[in-house]
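Only this structure's heavy atoms are used, side chains among them; waters, hydrogens and symmetry mates stay out. In the text below, chain A, chain B and the rest are named by the order of the sequence lines, each starting its count at 1.
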Amino acid sequence: MKLATWNVNSLNVRLPHVLKWLQENPVDVLCIQETKLTDDKFPLAAIQEAGYHVVFSGQKTYNGVAILSKHAIEDVVVNNPHYEDVQQRILAATIAGMRIVCAYVPNGQAVGTDKYEYKLGWLKSFRDWLEAEAAIHPNLAVLGDYNIAPDDRDVHDPAAWADQVLCSVPERTALQALFSLGLCDSFRLFEQADKTFSWWDYRMLGFQKNKGLRIDHILLSAPLAKRCVSCVVDRAPRKWEQPSDHAPVVATLGD
DNA sequence: ATGGCTTTTAAAAAAAGA
């Protein structure tokens, strides 16, 4: 069982990449963020032709999430029921005996801005909702773009990023609060190469110089973590022409 | 020190991302 997450930065532009990647990596579940498509524009037929069920929740220009699955998708929930949000950032569904949450955590723009406060408030409510989800669903996987680098190992230049958005203490504390629900960062269950990142700035040859951050994560509840045998970042699509600035992250679970 | 790119909206320039 393979679970993946990928911020595609416009599914309109990246659909060919998604289809190509799925052909090469036929994962069971792929959570997508930043579709930037209203639901009437969602490329449903192309994804179904690729052999995937799909649910999606989008909006114009910004945000938008989708869950693609080789298995039936049931009990779909759009957004955090305890947080009113016009921004489409969360989908939850039951797939193959697992509760799958696809999340696009707000970026936060810069420490001290309104968007940063929105991010922290959003994360607080997200935590409270996930606590309830975890109580109901022992097999819980929360995949997405968290827009938080868990610690300095996940940052190409920790000094430059210190206390900046994506790395600030309140954000990291909010992420730890998710871990404290019993959800573990599956990437850190395994030996990993130093300077493994999931996002690189388009500017300044960020990818070529590996100036990146690890901000896309797959969090697993204990029963799923026990089954997890690997978690890797697939850098390959970041090298394709006109790539997303994020790379997919893939967790593999045994039986 | 700054911005350096990409996408969207919408018709030139600006916001947003991270």
Fill in the blank from the handout: DNA chain B in dot-bracket form (Watson-Crick or G-U pairs under 3.5 Å, [ ] crossing, | inter-strand) is ....(((((...))))).
Parallel, tilted or perpendicular, judged at 30° and 60°: which one describes the rings of [X] and [Y]?
X	Y	value
A/Tyr146	A/His217	tilted
A/Trp129	A/Phe126	tilted
A/His246	A/Trp199	tilted
A/Tyr83	A/Tyr118	tilted

Practice task
Do nucleotides 10-17 of chain B as a string where each nucleotide becomes B, S or -: B if the base has a protein heavy atom under 4.0 Å, S if just the sugar-phosphate does, - if no protein is that close.
Solution key: ------SB
Exercise for the section: Compute whether any side-chain donor of one residue and acceptor of the other, for A/Thr94 and A/Arg99, lie under 3.5 angstrom apart. Expected result: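 Their side chains do contain a donor-acceptor pair, which is all the 3.5 Å distance test asks for.
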Problem - Short side-chain donor-acceptor distance under 3.5 Å, A/Ser168 and A/Asp163 - result: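 No pair is found: no donor N or O on one side chain lies under 3.5 Å from an acceptor on the other.
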Exercise for the section: Kindly say whether A/His82 contributes a backbone atom to a donor-acceptor pair with the side chain of A/Glu84 at under 3.5 angstrom? Expected result: no
Handout entry: Pairwise distance CG(A/Leu219) to CG(A/Leu143) - rounded to 0.5 angstrom
Key =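 Between A/Leu219 CG and A/Leu143 CG, I get 8.5 Å after rounding to 0.5 Å.
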Please give the distance between the [atom1] atoms of [N] and [M] as a whole number of Å.
N	M	atom1	value
B/dA18	B/dA14	P	22 Å
B/dA10	B/dA16	P	14 Å
B/dT2	B/dA12	C1'	23 Å
B/dA1	B/dA13	P	30 Å

Problem - Nearest-Å distance for atom pair CG/P, residues A/Leu11 and B/dT6 - result: 19 Å
Handout entry: Whole-Å distance separating the OH atom of A/Tyr116 from the P atom of B/dA18
Key =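 Distance, rounded to whole Å: 16 Å.
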Handout entry: Which residue lies more 5' along DNA chain B, comparing A/Leu166 with A/Val13 via nearest heavy atoms
Key = A/Val13
Practice task
Give A/Ile215 one of three labels, base, sugar-phosphate or nothing, depending on what nucleic acid heavy atoms sit under 4.0 Å from its own.
Solution key: sugar-phosphate
Handout entry: Under-4.0 Å side-chain N/O to phosphate OP1/OP2 contact, A/Ser10 with B/dT7
Key = no
Practice task
Compute both the distance and the angle, then confirm whether A/Lys70 meets the cation-pi test with A/Tyr52: under 6.0 Å from the six-membered ring centre, within 45 degrees of the axis.
Solution key: yes
